[in-house]
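Reminder, nothing fancy here: chain letters follow the sequence lines and each chain counts from 1.
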Protein chains: 2
Amino acid sequence: MMNTPIHKRSLADEVANQIKAYIRSGHYVAGQRLPTEPELMKQYGVGRSSIREAVRMLANSGLLRVQQGLGTFINEFVEENETLHQRLNRAAAKDIDEVRQLLEVKIAQKAALNRTPKQLEEIEGFLNERLQAPGCSAGEDRSVYSGRY
Amino acid sequence: MMNTPIHKRSLADEVANQIKAYIRSGHYVAGQRLPTEPELMKQYGVGRSSIREAVRMLANSGLLRVQQGLGTFINEFVEENETLHQRLNRAAAKDIDEVRQLLEVKIAQKAALNRTPKQLEEIEGFLNERLQAPGCSAGEDRSVYSGRY
DNA sequence: CCCGATTTGTACGTATGTATC
DNA sequence: GGATACATACGTACAAATCGG
């Protein structure tokens with residue numbers, strides 16, 4: 001009796017969905033503060049760990065922003081089930097692709113000028129491995145520029 | 001102001017780093033099972049929540065794989081990926097920097113041509129969040145090209 | 001500058017549920 | 001069904017950050 005395809009939703013999932021729905025229904029303005037954890041506990045009738053887990057999920061997905069000593073605030077500019085990376089990628093997919101082609105050409109030029117054929121082949125291998133390797137969090141990282149050098 | 005770059009490391013962070021270091025030092029083979037949670041508790045002298053938080057971070061970054069009723073297992077292909085990453089960066093630092101400048105200029109051009117100022121600002125916000133957000137494994141991701149589009 | 005109130009962060013303990021063997 | 005091991009949930013206590021008096 002284990003093959004039940006029913007989603008056993010944890011309390012944290014349940015609370016997270018309710019908070020999300022409440023925010024989406026327009027009861028909150030952007031930047032507004034969420035009720036405190038004790039209030040949410042009474043409001044949903046669950047313990048603090050469940051509240052914190054729910055808030056953690058929503059904050060991880062970008063819907064909430066938590067600050068110690070201050071409170072939890074609504075961001076409200078993210079779409080459902082979409083991380084920041086995914087949204088950025090979809091929004092600028094064409095531009096990124098164009099940049100990517102430029103990047104590959106430039107890499108090839110530099111490699112051909114300054115590197116031996118063996119080293120060029122090595123670098124190409126690196127890039128191929130990076131293509132297949134799952135990065136962090138189920139391999140959703142497709143960043144083009146994410147830091148300084 | 002609180003400009004101290006010192007990270008107050010929680011117990012979970014400490015345990016996660018130790019486990020990571022232990023795995024990297026080669027004491028585990030790929031696919032091998034980690035000690036159980038009670039054993040890790042005694043081994044590190046912390047409570048179960050800290051162990052679970054540490055394992056959760058490592059699993060989220062892809063180093064561990066947890067399965068209920070079975071145990072926690074080592075994936076160990078992340079280390080290779082990071083090694084390649086670091087090697088590529090170190091080996092071709094100058095080339096990458098040159099490409100980076102090219103990339104930034106091209107991105108600015110594309111943004112100015114095809115996007116409204118508001119969208120440009122939005123994308124800049126995303127990049128800033130990526131800079132501060134602790135990504136996988138202590139936020140060392142500086143990839144220029146890490147996937148296909 | 002210190003103090004206290006408020007709010008989130010961390011850590012522990014305990015009990016129970018669920019999956020695998 | 002029993003044994004093992006991770007998952008969920010609650011409660012408690014204290015630490016740390018923020019703000020206002």
Side-chain angles (χ1 to χ4, degrees), chain A residues 1-20 23 28 31-75 137-138, chain B residues 1-19 23 28 31-75 132-134 138-139:
Chain A
M1 357 233 288
M2 75 295 288
N3 234 342
T4 50
I6 312 295
H7 291 18
K8 96 170 174 181
R9 297 230 288 256
S10 64
L11 276 183
D13 286 323
E14 204 63 52
V15 172
N17 280 327
Q18 295 212 19
I19 292 179
K20 195 198 299 180
I23 292 178
Y28 284 110
Q32 186 172 352
R33 214 196 69 181
L34 213 64
T36 68
E37 289 173 347
E39 283 173 359
L40 291 175
M41 285 171 60
K42 286 191 291 184
Q43 190 168 338
Y44 290 99
V46 298
R48 194 186 170 195
S49 54
S50 301
I51 296 292
R52 285 188 60 79
E53 179 66 18
V55 169
R56 177 178 186 167
M57 290 187 294
L58 295 180
N60 189 34
S61 71
L63 184 63
L64 297 180
R65 176 177 47 88
V66 189
Q67 191 172 353
Q68 181 180 176
L70 247 172
T72 306
F73 303 88
I74 287 94
N75 276 337
S137 66
Chain B
M1 303 288 252
M2 291 293 296
N3 235 345
T4 49
I6 313 293
H7 290 19
K8 112 191 156 171
R9 297 233 286 254
S10 63
L11 275 185
D13 285 322
E14 204 62 53
V15 172
N17 280 327
Q18 296 213 19
I19 291 179
I23 292 177
Y28 284 110
Q32 188 173 349
R33 213 196 70 181
L34 214 64
T36 67
E37 288 173 348
E39 282 172 0
L40 290 175
M41 285 170 60
K42 287 192 293 186
Q43 191 169 336
Y44 290 99
V46 298
R48 195 184 168 197
S49 54
S50 301
I51 295 293
R52 285 188 60 78
E53 180 64 17
V55 168
R56 177 177 187 165
M57 289 187 294
L58 295 180
N60 190 33
S61 73
L63 184 63
L64 297 180
R65 174 178 51 87
V66 189
Q67 190 170 352
Q68 180 180 178
L70 254 172
T72 305
F73 303 88
I74 287 92
N75 276 336
Q132 299 174 348

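Taking each heavy atom of B/Tyr28 and B/Arg33 in turn, the nearest pair found is CE2-O, 4.1 Å. The nearest pair of heavy atoms linking A/Val15 to A/Ala54 is CG1-CB, 3.8 Å. Nearest heavy atoms, B/Ala16 versus B/Met57: CB-CE, 3.7 Å.
Atom CD in B/Glu14 sits about 14 Å away from atom P in C/dT10, given to the nearest Å. The interatomic distance linking A/Phe73 (CZ) with C/dT7 (P) rounds to 11 Å, in whole Å. C/dT8 atom C1' lies 13 Å from atom CG of A/Leu64, rounded to whole Å.
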Under a 4.0 Å heavy-atom criterion, the protein footprint on nucleotides 1-11 of chain D, written with B, S and -, is ----BBBBSBS
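A salt bridge does not link A/Lys20 to A/Glu14: none of the charged side-chain nitrogens sits closer than 4.0 Å to a carboxylate oxygen. Looking at B/Arg48 and B/Glu39, no side-chain N of the basic residue comes within less than 4.0 Å of a carboxylate O on the acidic one, giving no salt bridge.
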